[in-house]
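Every chain is numbered from 1, with letters handed out A, B, ... down the list of sequences. Any value given below was found using the heavy atoms of this structure, including those in side chains, with hydrogens, waters and symmetry copies removed. Treat the numbers as computed from the prediction; the structure is a model and nothing was measured.
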There are 2 protein chains.
Amino acid sequence: MSIQERKEIEKQELRQKIVDVAIELFIDEGFENLSMRKIADKINYSPTTIYNYFKDKTDLMFQIMNESFGRFLVNIEKAIGEESSDPLEAMKRGLKAYIQTGLDHPKNYRLIFSACTRCNEVELECHHKTENGEKALEQLIGAVTECINHGYFTKKDPLDLAQLIWAALHGLTILMIENPHFAINNRDQLKEDMANMIIRGLKI
Amino acid sequence: MSIQERKEIEKQELRQKIVDVAIELFIDEGFENLSMRKIADKINYSPTTIYNYFKDKTDLMFQIMNESFGRFLVNIEKAIGEESSDPLEAMKRGLKAYIQTGLDHPKNYRLIFSACTRCNEVELECHHKTENGEKALEQLIGAVTECINHGYFTKKDPLDLAQLIWAALHGLTILMIENPHFAINNRDQLKEDMANMIIRGLKI
DNA sequence: GACAATAGTTAACAGTGCTAACTATTATAA
DNA sequence: TTATAATAGTTAGCACTGTTAACTATTGTC
């Protein structure tokens with residue numbers, strides 16, 4: 001390993017540490033209390049060091065958002081459990097797993113989508129795409145295509161259907177997380193009903 | 001009109017002015033640039049005056065959120081247009097109107113739901129209910145009940161169904177607003193598809 | 001051993017939410 | 001009519017924020 005290689009690795013390690021600590025702080029202390037100075041304190045560096053690794057706070061936010069998206073995907077995989085031979089069965093399990101995973105890790109889920117809230121509020125033009133977000137969508141498109149090919153779903157554009165599904169799931173998940181009053185007494189029922197509504201709505 | 005009444009009215013007027021200016025600033029300058037001092041500047045009062053009318057910034061946020069919700073409802077009514085005799089027809093028009101109104105006034109829509117993002121991030125416990133939010137839900141429940149009574153929708157708890165519908169609509173609307181990449185080329189199609197998916201999903 | 005690049009630092013600016021202590025103004029009761 | 005009390009608004013200040021510019025110390029290269 002050359003010196004340059006070692007330096008590069010060290011750089012990546014510190015960068016990753018910043019991301020990890022930022023997520024930790026977000027989870028522990030919330031959105032409003034996540035500051036560059038607190039992150040710096042936690043890693044025992046001066047606040048300005050962070051700016052050698054991230055353009056600004058928004059940039060950092062998008063990195064931790066992407067990282068959290070990755071962790072969310074891992075958790076979903078776990079929640080889905082063993083593979084299913086029937087695509088429709090797999091789809092239904094996936095739908096419920098998405099909502100449940102969001103509810104199980106509300107702060108994580110919130111983090112994934114709260115970066116956008118910070119991004120260029122004025123113009124509502126955020127040009128970031130998260131790598132892991134794209135990956136998730138690809139996976140969902142695959143599952144939808146399976147359902148179409150097996151004659152379960154209407155023969156429409158799989159991307160369209162995937163976006164429909166994602167939107168519906170996200171809506172329920174984020175409302176439940178952000179509004180503790182929403183469906184306080186019937187969350188399990190609603191989760192089930194949402195999965196059923198989606199599948200019935202797209203069935204041939 | 002007694003002196004007390006006049007004073008009360010003046011108080012309400014200033015309070016309303018603060019709310020109006022706060023909304024204006026949010027729309028014009030965005031979330032991050034909305035500060036107590038800027039609001040104070042705009043109404044030519046000292047910043048601390050605001051604290052005589054609102055407990056803190058979060059409190060003010062919830063007031064402007066409620067106000068925006070009210071304006072949103074007015075705009076939806078407009079978008080729905082004339083009354084329809086058929087409840088299912090009315091429902092479909094309402095569904096599309098919700099999404100379209102959100103897209104037509106993205107900053108307004110975002111404001112309605114961004115207050116929660118600020119509320120007690122740590123515990124995810126926000127105990128505010130917005131009056132206008134409750135009102136909207138009541139209305140939706142009414143429309144759903146109509147559809148059930150006419151034999152269009154499955155005989156389930158109208159509150160459940162209304163929450164399902166709202167969640168799905170909200171998910172699509174907020175994703176489109178917050179993520180400019182989401183469904184950039186097929187938004188009209190998606191709006192239509194979402195309405196159809198919901199109705200097919202709930203039909204008897 | 002000189003030079004340059006890199007990584008990290010300190011100091012500072014302009015702005016933030018919010019509180020405490022103060023001052024005027026106004027309405028009520030004697 | 002005047003003293004008292006309540007109300008509405010003010011100033012000054014605290015502890016914090018993101019971010020930049022200028023600096024220093026360390027390290028690798030020639």
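- A straight line from CD of A:Glu29 to C1' of D:dC16 spans 13 Å, rounded to a whole angstrom.
- Distance CZ (A:Arg15) to P (C:dG8): 14 Å, rounded to an integer number of Å.
- Rounded to whole angstrom, the span from the CG atom of B:Asn52 across to the P atom of C:dT26 amounts to 16 Å.
- Taking atom CD1 of residue B:Ile18 and atom P of nucleotide D:dA8, one finds them 12 Å apart after rounding to whole Å.
- A:Glu10 places its CD atom 13 Å from the C1' atom of D:dG28, with the value rounded to the nearest Å.
- Between the side chain of A:Arg93 and the main chain of A:Ala79, no donor-acceptor pair closer than 3.5 Å is present.
- The existence of a salt bridge linking B:Glu32 and A:Lys57 is excluded, since no basic side-chain nitrogen approaches an acidic carboxylate oxygen closer than 4.0 Å.
- Between B:His170 and B:Phe113, the two ring planes are tilted [angle within 30° to 60°].
- Atom-to-atom, CG of A:Asn44 to C1' of C:dT9 comes out at 14 Å; the value is rounded to the nearest Å.
- Ionic pairing of B:Glu24 and B:Lys17 is not present here: no N-O contact between side-chain nitrogen and carboxylate oxygen is shorter than 4.0 angstrom.
- Side-chain nitrogen and oxygen atoms of B:Thr49 include none within less than 4.0 Å of the OP1 or OP2 phosphate oxygen of D:dG9.
- Contact of the B:Glu67 side chain with the B:Arg71 side chain is registered, since non-hydrogen atoms from C-beta on lie closer than 4.5 Å.
- The number of heavy atoms from other shown groups lying within 6.0 Å of NZ (A:Lys38) is above 12.
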Letter by letter from the 5' end, nucleotides 11-22 of chain C scores (B base, S sugar-phosphate only, - none; protein heavy atoms under 4.0 Å) BB---BBBBB--

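- Ring geometry for A:Trp166 against A:Phe69 counts as tilted: the plane angle lies between 30° and 60°, on a 0 to 90° scale.
- Nucleic acid contact class of B:Leu14 (heavy atoms, under 4.0 Å, all strands): sugar-phosphate only.
- When each of C:dT9, D:dG9, C:dA7 is scored by its nearest atom to the side-chain atoms of B:Tyr53, the top-ranked nucleotide is D:dG9.
- One atom, CG of A:Asp41, and another, P of D:dG18, lie 12 Å apart when rounded to the nearest Å.
- For the pair B:Lys11 NZ and D:dA6 P, the interatomic distance rounds to 15 Å; values are reported in whole Å.
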